[in-house]
Amino acid sequence: MAQETKQPELKAPANALLSPVNIQPGYLFYGTKGIEFRSNKGGYIIVPWEQVEYVSLEIILNVYYRGIIIKIKSNQKVSAGQPDMSGRTLEFVGGKPKRALPILQEHLAPDQIRHRLGVFARRKAKKS
């Protein structure tokens, strides 16, 4: 496997929301080479740090960190043997984003880490 995360800095249970009907339980690994998702049903997604356009953390009421959204740069291949995922957005629920934040800050530039509004804040902003 190309660029597999050998010694993860953090391992966290997460669900990959690949589509509304395809939700895959598994684990997110945050490592020195990138972020890796391994499904409990088989399969994996590896995203090297240099191919991350931005990461968005969904934070609700400034207390609850719900999940992480990863936007992959356009015209990038995630890893050998996987379909072309350039320009895609990957959403994960869980994955301990609060504990992963220092790891993300270590590997990504400050403008690559974003704060996504929670559901209630998005609805409130939409009404105004």
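Hydrogens, waters and symmetry mates play no part in the numbers below; they use all other heavy atoms, side chains included. Everything numeric in this text was worked out from a predicted model, so none of it was measured.
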Mind checking the [atom1]-[atom2] spacing from [X] to [Y]? Nearest 0.5 Å is all I need.
X: F92; Y: E58; atom1: CZ; atom2: CD; value: 14.0 Å
X: Y65; Y: I59; atom1: OH; atom2: CD1; value: 4.0 Å
X: K73; Y: Q51; atom1: NZ; atom2: CD; value: 8.0 Å

Quick one, [X] and [Y] - any side-chain contact, counting heavy atoms below 4.5 Å?
X: L57; Y: L104; result: yes
X: F37; Y: Y44; result: no
X: I69; Y: L90; result: no
X: I45; Y: L18; result: yes
X: F29; Y: R38; result: yes

Enumerate the residue pairs fulfilling side chain to side chain donor-acceptor pair (under 3.5 Å) with a member in residues 93-102, sequence neighbours excluded, ordered by first and then second residue. none

Do any pairs count as a side chain to side chain donor-acceptor pair (under 3.5 Å) and have a residue in residues 100-111, sequence neighbours left out, and if so which ones?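 Matches after skipping sequence neighbours: E9-H107.
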
List for me each residue that meets ring pair (Phe, Tyr, Trp, His ring centres under 6.0 Å) alongside Y27, sequence neighbours excluded, and say none if there are none. none

Under 4.0 Å between a Lys/Arg side-chain N and an Asp/Glu carboxylate O for K33 and E50?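 Salt bridge absent between K33 and E50.
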
Cluster companions of [X] among Ile, Leu, Val, Met, Phe, Trp, Tyr (side-chain spacing under 4.5 Å):
X: L17; value: I23, V93
X: V21; value: none
X: Y54; value: none

Counting distance only, does the side-chain N/O of [X] pair as donor-acceptor with the main-chain N or O of [Y] below 3.5 Å?
X: W49; Y: I35; value: no
X: Y30; Y: G95; value: yes
X: Q112; Y: A109; value: yes

Apply side-chain contact (heavy atoms from CB on, under 4.5 Å) to the pair V55 and L108, showing each step before the final yes or no. CA-CA 9 Å; V55 171; L108 299 172; 3.6 Å; yes

Kindly give the heavy-atom pair with the smallest separation between [X] and [Y], and that separation in Å.
X: R66; Y: P97; value: C-CG, 4.4 Å
X: G87; Y: K71; value: O-NZ, 2.6 Å
X: G94; Y: A14; value: C-CB, 4.1 Å

Residues which pass side chain to side chain donor-acceptor pair (under 3.5 Å) with Q24, listed by chain and number, not counting sequence neighbours: N22, S39

